[in-house]
> 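Shown below is the structure under consideration.
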Amino acid sequence: MQLLSSFLKHNKTDDDLVEVIEVLMIACKEVALQLREGALAGVLGTSTLTNVQGETQKKLDIVSNDIIKKVLLDNRLVRGVASEEEDEPVWGDRDGRFLVTFDPLDGSSNIDINVSVGTIFSIIEAPKPWAKQETEEFLQSGRKQIAAGYVLYGPSAVLALTTGKGVNMFTLAHTGDFILTEENVTIPKETSEFAINMSNRRFWEPAMQSYIDDLIAGAEGPREKNYNMRWVASMVAEVHRVLTRGGIFTYPWDNRDPSKPGKLRLMYEGNPMSLLIEQAGGGATTCYDDILDVQPEHIHQRVSVALGSIKEVETLKAYHREGKKN
Ligand code: AHM
Ligand code: MG
């Protein structure tokens with residue numbers, strides 16, 4: 001039985017990074033407790049507030065954001081945090097080495113129906129720890145991440161973590177420890193399972209429409225095999241399924257609002273999930289380019305996301321390269 005901290009130390013992870021990951025897990029344990037209590041803790045339902053993206057915030061979005069933000073900013077190694085639920089970065093210790101971005105409770109539309117949600121996080125080095133604290137410091141491409149992961153709050157709470165040397169999973173035990181339960185997670189190269197919100201079909205690019213239509217056509221169609229579909233509407237649960245048994249998950253660009261290249265956010269969702277997927281041998285693309293190579297222009301930027309089993313991701317990219325139309 002290996003505990004998270006001893007696993008990281010055994011793998012020669014930088015001591016400061018171990019400290020920040022441990023601190024983050026203290027916050028995630030508190031979030032897990034709040035979720036478990038649900039209605040008993042009076043945390044279900046919607047607040048009267050909206051976030052910078054105009055989305056109504058659930059009470060638990062705010063509770064989780066406050067817990068994670070406080071725990072991180074109390075640590076001397078954290079120079080600043082950027083959260084999906086905050087308008088601007090929030091600054092901590094000026095000499096801190098790390099910047100942390102997070103989505104405190106992804107999939108929060110699922111909270112009130114008691115379906116899995118999760119916390120997603122990404123850690124980068126502050127480029128100039130001695131300089132003025134400015135938003136631009138966060139605008140680093142996903143390749144610069146030194147650690148990324150999520151905690152899935154499902155039937156069990158599971159941490160999936162990468163520090164750039166593969167992906168490992170840890171399950172939260174009743175003792176409060178995260179214990180290694182899956183080492184060197186590897187995504188199967190091929191799959192027959194896809195995840196997309198089909199109700200948006202009419203808004204997609206023609207290439208995405210024909211790719212999905214061909215999956216649905218099954219054994220009689222050009223792909224010559226049957227595919228199954230899943231949609232939890234909770235990215236952490238979808239990515240966990242993909243890491244566990246393969247698949248392709250996509251929330252692509254659509255033309256509902258031309259100013260938004262997709263629903264998901266690059267810094268809080270796209271980048272950390274893409275690093276996990278690539279580290280487990282899968283692919284993560286905007287449908288054209290690697291998500292990890294996208295240069296962020298602002299912290300709440302959105303991105304088209306398709307990730308999962310490498311061969312399926314390559315096929316999806318080929319449809320887009322060829323601009324396939326029905
Ligand atoms: P959120 O960060 O506001 O919770 O939004 C992100 C979530 C993802 O977890 C999920 O993949 C997607 O939104 C579901 O969207 P939809 O409701 O359109 O199916
Ligand atoms: Mg989210």
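Whatever order the structure lists ligands and atoms in, that order sets their numbers, starting from 1. The figures here come from the full heavy-atom set of this structure, side chains too, leaving out hydrogens, waters and symmetry mates.
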> What atoms of ligand 1 come closer than 4.0 angstrom to any heavy atom of Asn197?
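Answer, ordered by atom number: 16 (P), 18 (O), 19 (O).
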> Give the numbers and elements of all ligand 1 atoms closer than 4.0 Å to a heavy atom of Trp231.
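By the 4.0 Å cutoff, the relevant atoms are 14 (C), 19 (O).
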> Can you sort out which atoms of ligand 1 are near Ser108, meaning under 4.0 Å from one of its heavy atoms?
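Selected atoms, number and element: 4 (O).
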> Could you check whether the rings of Phe249 and Trp231 sit parallel, tilted or perpendicular, using 30° and 60° as the cut-offs?
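Parallel: the ring planes of Phe249 and Trp231 meet at under 30°.
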> Using the rule given for side-chain hydrogen bond (donor to acceptor under 3.5 Å, both in side chains), can you reason through Asp61 versus Ser108, listing the C-alpha separation, both sets of side-chain angles and the distance that settles it, and then say yes or no?
CA-CA 7 Å; Asp61 280 328; Ser108 50; 3.0 Å; yes
> Using side-chain heavy atoms (C-beta onward) and a distance below 4.5 Å, is Asn271 in contact with Ile291?
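Yes - at least one pair of side-chain heavy atoms lies under 4.5 Å apart.
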> Please list, in number order, the atoms of ligand 1 under 4.0 Å from a heavy atom of Arg265.
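In order of number, 1 (P), 2 (O), 3 (O), 5 (O), 6 (C).
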> Which residue, Tyr268, Phe102, Trp91, forms the ring-ring contact (aromatic ring centres under 6.0 Å, His included) with Phe138?
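Per the ring-ring contact (aromatic ring centres under 6.0 Å, His included) rule, the option paired with Phe138 is Trp91, out of Tyr268, Phe102, Trp91.
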> Starting from atom 18 (O) of ligand 1, locate the nearest protein heavy atom and write down its residue, its atom name and how far away it is, to 0.1 Å.
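Answer, as residue, atom name and distance: Tyr251 OH, 2.6 Å.
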> Report the nearest protein non-hydrogen atom to atom 4 (O) of ligand 1: residue, atom name, distance rounded to 0.1 Å.
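Scanning the protein heavy atoms, the shortest distance from atom 4 (O) of ligand 1 goes to Gly107 N, 2.7 Å.
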> Any non-hydrogen side-chain atom of Tyr153 less than 4.5 Å from a side-chain atom of Ile111?
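Side-chain contact under 4.5 Å: no.
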> I'd like to know if the side chain of Asp177 pairs up with that of Thr175 as donor and acceptor (distance under 3.5 Å, no hydrogens or angles considered).
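The answer is yes; a qualifying pair exists.
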> For Asp103, take its heavy atoms, then give the atoms of ligand 1 lying under 4.0 Å from any of them.
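Answer, ordered by atom number: 2 (O).
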> Whether the Tyr211 and Glu312 side chains hold a donor-acceptor pair (N or O, under 3.5 Å, no angle test) is what I'd like checked.
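Side-chain D/A pair, Tyr211 to Glu312: present.
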> Under 4.0 Å, heavy atoms only, figure out whether ligand 1 is touched by the backbone of Tyr268, its side chain, both or neither.
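It is neither; nothing of Tyr268 touches ligand 1.
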> Where on Leu264 is there a heavy atom closer than 4.0 Å to ligand 1, on the side chain, on the backbone, on both, or on neither?
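Only the side chain of Leu264 comes within reach of ligand 1.
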> Run the side-chain hydrogen bond (donor to acceptor under 3.5 Å, both in side chains) check on Asp214 and Tyr319 step by step: do they pass?
CA-CA 11 Å; Asp214 288 353; Tyr319 273 71; 2.6 Å; yes
> Is Arg76 salt-bridged to Glu19, cutoff N-O under 4.0 Å?
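A salt bridge is present here (some side-chain N lies under 4.0 Å from a carboxylate O).
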> Would you mind telling me if ligand 1 is within reach of the side chain of Glu84, the backbone, both or neither, using heavy atoms under 4.0 Å?
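For Glu84, the contact with ligand 1 is made by the side chain alone.
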> Does ligand 1 have any atom that is closer than 4.0 Å to a heavy atom of Glu269?
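Under 4.0 Å: yes for Glu269.
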> Identify, by name, the N, O or S atom of Glu269 lying closest to the Mg ion (ligand 2).
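Atom name returned: OE2.
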> Which one holds for Asn200 and ligand 1: side chain close, backbone close, both close, or neither close, with close meaning a heavy atom under 4.0 Å?
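The answer is neither; Asn200 stays 4.0 Å or more away.
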> Rounding to 10°, state the angle centred on the Mg ion (ligand 2) that links OD1 in Asp106 with OD2 in Asp103.
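With the Mg ion (ligand 2) as the vertex, OD1 (Asp106) and OD2 (Asp103) sit 100° apart.
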> For atom 6 (C) of ligand 1, which protein heavy atom lies nearest, and how many Å away is it?
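The protein heavy atom lying closest is Asp106 OD1, 3.4 Å.
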> Apply side-chain hydrogen bond (donor to acceptor under 3.5 Å, both in side chains) to the pair Glu238 and Tyr251, showing each step before the final yes or no.
CA-CA 11 Å; Glu238 320 272 10; Tyr251 209 117; over 6 Å; no
> Have a look at Met235, Met273, Lys263 and point out the one with the heavy atom closest to atom 12 (C) of ligand 1.
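Heavy atom nearest to atom 12 (C) of ligand 1 belongs to Lys263.
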> Judged by non-hydrogen atoms, does Ala233 sit under 4.0 Å from ligand 1?
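True for this residue.
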> Taking the side chain as C-beta and beyond, is there a heavy-atom pair between Asp14 and Arg97 under 4.5 Å?
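Asp14 vs Arg97: side chains touch.
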